[in-house]
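Single-structure report; data block below.
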Amino acid sequence: MPWAANPLFESPNPTDEATTDAEAAQGSGRTDGSASGCASPDPKDSDKLNIRPPSDRFTPHQIFYIFILSGIVSAIFAGGINFGIAYALYHDRGGDDSPIRLFQFPNTLAGDTAVTIFVQFLTTWVIETALVNYDLRKGGVQPIGFIPEPKWKYLRWFMFLDRHEQTHKVSSLRHWIQFLFSQVLRSLILAILTFPFVFGASVGFLTLVGTRHDGDWDWYYPATWTPEIFKLVQGAVLGLLFTPLMAMFWLVKCGWDLRTRESQSIG
C-alpha cells in the first residue's frame, strides 16, 4: 500500500527499499507490504501500527474529527495567530507618516491578505499532513472507504494515484525532501485555485469598512482594531472552511490505499 510516498507511513526497517518518490507508483503491484506506508519513519520506533479498516459511511467520530477537531480548532488557532500578527504589524501605524491603506504600500491590507492566503494554506496543509497521518497510524481516526477514486487524470495526479515508480531508502533525506516538496506543491495549487474567491471577498469586505480621503482613491484604516479584527476573521474562516478538506484528503487517500492493497491481496 504505497502511502503517497509518505515517510510517516513507511517501513521501520532501515534496510528496506520502497517506493518513495513523491510521484512514485502503485503500479508495481507489490503486496508484501514493504512499501505499505504502515510504519514510523524512524527505524528506532518499534511501536506497532494500528490503522483501522476503512469505513463504508461517515461515522460520528469522523464527522467530529473533520469538522470539530480539524475545522473549529483550526479556526480558533488560525484566527488567534493572525490577530497577534496584525497587532504586531499595525498597532503603531495609521498616522499621517505611515497610513494603513487597502492597496498602497507600505502598509497594504490587500497585500497582507494575499500573503496570508498562501502562507496559511501552506502551513495548514503541512500540519494536517503530520497530524492526520499520525492519528491514522495510531488508530485515532478511521479512514474513509466509500468515496470512489476520481477518473480525471489531473485529479488522480493530485491525489497521488497512477504514479511512476522510483526506489531508494525509506526515510532518507531525499525521501523527505521529495515528500515535502509534493505537499508544498499541492498546497500552493489549492491556494491558487481559491485565491480569486478569497482575495476578492476579502477586498470587498475591506472596502466596506474603510474610509476614503478627499482626492485619494484608496481606502484608509485606523491602527486599531480594524486590521486585527479583519485578520482574525480571515484566518478563522480559512481554517474553518479548508482545514476539514485537507483532513479528508488524507482520510480518503488512506482508504483508497487500503482498498487497493486488499484487492491486490485477493487477486
Side-chain angles (χ1 to χ4, degrees), residues 1-51 69-70 74 77-78 81 118-141 143 154-192 239 242-243 245-258 260-261:
M1 182 186 65
W3 232 99
N6 186 346
L8 299 174
F9 276 80
E10 296 295 351
S11 171
N13 187 343
T15 63
D16 282 351
E17 295 282 330
T19 299
T20 56
D21 187 341
E23 308 302 331
Q26 291 175 307
S28 63
R30 295 173 65 181
T31 59
D32 61 357
S34 62
S36 68
C38 291
S40 167
D42 186 355
K44 299 178 182 179
D45 185 1
S46 61
D47 293 341
K48 292 182 179 180
L49 294 181
N50 190 28
I51 299 178
L69 289 183
S70 296
S74 174
F77 275 95
I81 291 171
F118 284 95
V119 170
Q120 187 162 338
F121 266 85
L122 173 60
T123 55
T124 303
W125 181 281
V126 172
I127 291 171
E128 283 300 295
T129 296
L131 292 179
V132 178
N133 286 341
Y134 178 84
D135 289 337
L136 285 167
R137 277 200 313 134
K138 300 302 182 182
V141 63
Y154 297 109
L155 188 55
R156 291 182 67 82
W157 169 86
F158 187 86
M159 301 295 295
F160 297 100
L161 301 170
D162 301 333
R163 294 165 291 157
H164 300 293
E165 184 174 4
Q166 295 183 18
T167 59
H168 54 267
K169 282 189 179 295
V170 172
S171 300
S172 65
L173 177 61
R174 180 183 173 190
H175 183 181
W176 278 103
I177 291 174
Q178 290 174 328
F179 172 71
L180 291 174
F181 175 77
S182 71
Q183 306 312 311
V184 170
L185 178 61
R186 281 158 177 79
S187 70
L188 294 180
I189 289 173
L190 277 182
I192 291 170
F242 295 106
T243 308
L245 295 178
M246 296 176 187
M248 284 185 64
F249 176 97
W250 290 111
L251 298 182
V252 171
K253 178 70 176 98
C254 184
W256 288 339
D257 287 341
L258 289 170
T260 298
R261 186 185 186 191

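Note that the numbering runs from 1 along the sequence shown for the chain.
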If we check side chain to side chain contact (heavy atoms under 4.5 Å, CB included) with Val132, which of these qualifies: Leu136, Thr129, Asp135? Leu136
Provide the closest heavy-atom pair for Lys253 versus Leu161 in the form atom of the first, atom of the second, distance. NZ-CD2, 4.3 Å
What residues, two or more places apart in sequence or in another chain, satisfy side-chain contact (heavy atoms from CB on, under 4.5 Å) together with Val126? Leu122
Reported CG-to-CZ distance for the pair Leu258 and Arg261, which is rounded to 0.5 angstrom: 8.0 Å
Less than 4.5 Å apart, side chain to side chain, heavy atoms only: is that true for Phe118 and Ile192? yes
Is the Trp125 to Phe249 ring centre distance short of 6.0 Å? yes
Does any N or O in the side chain of Thr124 come within less than 3.5 Å of the main-chain N or O of Phe121, such that one atom is a donor and the other an acceptor? no
To the nearest 0.5 Å, atom CE of Met246 lies from atom CD1 of Ile127 at 10.0 Å
Checking Phe77 now: which residues fulfil ring pair (Phe, Tyr, Trp, His ring centres under 6.0 Å) with it, not counting sequence neighbours? none
If the condition is side-chain contact (heavy atoms from CB on, under 4.5 Å), which residues does Ile189 pass it with, not counting sequence neighbours? Trp157, Phe158, Leu185, Leu193
Distance (rounded to the nearest 0.5 Å) between Phe160 CZ and Trp250 CH2: 5.0 Å
For residues Thr123 and Gln120, report the shortest heavy-atom separation together with the two atoms involved. OG1-O, 3.3 Å
The criterion is side-chain hydrogen bond (donor to acceptor under 3.5 Å, both in side chains); which residues satisfy it with Ser74, sequence neighbours excluded? Thr243
